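Single-structure report; data block below.
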2 protein chains.
Amino acid sequence: MAVVVPFESPQATIDRLVALVASDMERVNSTILSRTGSEVTMIPEVANHLISSGGKRLRPMLTLAMAQISRYQGDGHIKLAAAVEFMHTATLLHDDVVDESDMRRGKPAARKVWGNEASVLVGDFLLGQAFRMMVEVGNLRALEILSNAAAVIAEGEVMQLAAAKNTATTEDEYLAVIRGKTAELFAAACEVGPVLADRPKADLAACRSFGMNLGIAFQLVDDALDYGGKAAKLGKNTGDDFREGKITLPVVLSFRRGNAEERSFWTRALEQGDASDSELEQAIALMNKHRALEDTVKRAQHYGAMARDALALYPSSPMKTALEETVDFCIARAH
Amino acid sequence: MAVVVPFESPQATIDRLVALVASDMERVNSTILSRTGSEVTMIPEVANHLISSGGKRLRPMLTLAMAQISRYQGDGHIKLAAAVEFMHTATLLHDDVVDESDMRRGKPAARKVWGNEASVLVGDFLLGQAFRMMVEVGNLRALEILSNAAAVIAEGEVMQLAAAKNTATTEDEYLAVIRGKTAELFAAACEVGPVLADRPKADLAACRSFGMNLGIAFQLVDDALDYGGKAAKLGKNTGDDFREGKITLPVVLSFRRGNAEERSFWTRALEQGDASDSELEQAIALMNKHRALEDTVKRAQHYGAMARDALALYPSSPMKTALEETVDFCIARAH
């Protein structure tokens, strides 16, 4: 069942990015720790179960990176980066309830340990804390961008819910979903950097475009990975999307390229709910037949290239290189 | 099983308040309608199922009333009032998932019609839209108050979850829960009125105190009503709290005032999960024996009196009278 997918560079890492934002990130981490604190002990328990579970903290790193490349001198980026991570964590907690997930990042999902109730409510708490931090920073334009993202993310998730099990979903509809549910937060996380530094519109548009396209590429690779056999590393089980009837690009492409018999296989397998292992095997065979995983990663490379080009207006710098490598890293995960 | 509880005035209505804010409320209602709009049709469907289900819209009316009594001249109060209602609606959608409720305001709960997933995600969408509207108003102090409320509400809900089925809950702990989950939004809804009008601190404190105490009284009466037999009117089934093992003041008082045998009844009935009708009957008999419902309403009257007194610094006006009547109305519901 192994699937070989092309990638840009096998050495791609985010080490340079991690190093450049390390001192800021330390401050973000202590902010995260102090802002999950509550006398209600269940809150830090649930929040830290997920927050300390070894996520890469890519989104807050992007906020810090964009503040740095914009030569921002204040310290509002620390709280905004923490707020971005809280928004992301809240989304994960709510997603687990929506998807009825058992695992997240290789650990039992919070909802399995503390129940759906705690996941919903601690997610709400983190969202509230995120807004509190943003308000403390006091930049109305940044507030506008991030509150807008909160609504758009939820809209994307509902769109995905409405499209669930619908094999008639087009590639455009699928793209609209992932722009909302994933890429919008990447875009907002990036855009607030130059906003804080009061940079001109062109900079805002560039950073936003970098984040948006990187976010799309990131999600496309995630969707390929769900069928790709690198599950252990991600803490996600191969075929989760398939069993949940989630329509992602590998399915959209396989369905469109398939014959009538294949299409009725997809419709049956995705609509019935709990697909079997042999159905999953058949699904992956069909994806290989139609090069659906390879082409999903190719699409990701296309958006990755757009993300790189968005940075063209910035002169060469270690941070620019680090951001370019981040694009490569996100795509190389597909390997 | 009928329970007679004292009340302040049988004629108490909120008609005067409704009349005084009617023209503003019309604008709030159209804002609510336009801001639940989305190309993702499931969003307005789910949102309007609840929003159009005949809630009194007490919280946004309080924002409008406090803006009016503060002689505010702008129109930021319209969006803030709509945001307050969205925050409330989001809470209800998430509460239904947490409580596994079947009914809400006499209609099937959204989660029964569209599923838990849609309730969680549309709640998130409404919260995002609420923040968007607040940001559009652009008053940082109001943003601080309302974002703080969002975190405190979730904290109160988690506190309630942690206290669930714990008959050792004290009256103080119970009060901390309802301050968070209910009264904080009333307080914030009231405080943003004078904030918009740039009134002095004493006004802010007065309006906040009015809202906080009214909110506590409101929740106490709600908790008495859950055992009080006026369920049909509320669209809530009598004994819901009991069956869910929710520890409210009538239980706290009955438990503390009961003998060892009674206490073991409460512990058994509330911890086992699905209490029977005869257990509910016994619970109400014990509440009557210990005057727990009467005293819960007496406590509500105490907080109601504090709410009225908080308004003392305002000269007589139709709006001041309307707000005093609102206190009476909230308590008279217990009848």
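Throughout, a chain's letter reflects where its sequence line sits, starting with A, and its residues are numbered from 1. All values reported here derive from a predicted model rather than from experimental measurement.
The side-chain heavy atoms of B/H94 and A/H94, taken from C-beta on, include a pair separated by under 4.5 Å. Put simply, the side chain of A/L143 reaches to within 4.5 Å of the side chain of B/L140, judged on heavy atoms. Within the 4.5 Å cutoff, no side-chain heavy atoms of A/T91 are placed close to those of B/D124. For the pair A/V98/B/L121, a side-chain contact is recorded, criterion being any heavy-atom separation below 4.5 Å from C-beta on.
Contacts with chain B were tallied for A/S38, A/A150, A/S119; A/S38 has the most, counting heavy-atom pairs under 4.5 Å. Comparing A/E144, A/M42, A/E155, A/Q129 by heavy-atom pairs within less than 4.5 Å of chain B, the highest count is held by A/E155. Between chain B and the options A/A154, A/A176, A/G128, A/A151, the largest number of non-hydrogen pairs under 4.5 Å is found for A/A151.
The interface of residues 156-166 of chain B with chain A, defined by heavy-atom distances below 4.5 Å, comprises B/E157, B/V158, B/M159, B/L161, B/A162.
There is no contact between B/L146 and chain A, counting heavy-atom distances below 4.5 Å. Heavy atoms of B/N148 lying under 4.5 Å from chain A belong to its backbone as well as its side chain. Interface remark: A/L127 contributes side-chain atoms only to the contact with chain B (heavy atom separation under 4.5 Å).
When every heavy atom of B/F131 is checked against every heavy atom of A/S147, the shortest pair comes out as CB-CB, 3.8 Å.
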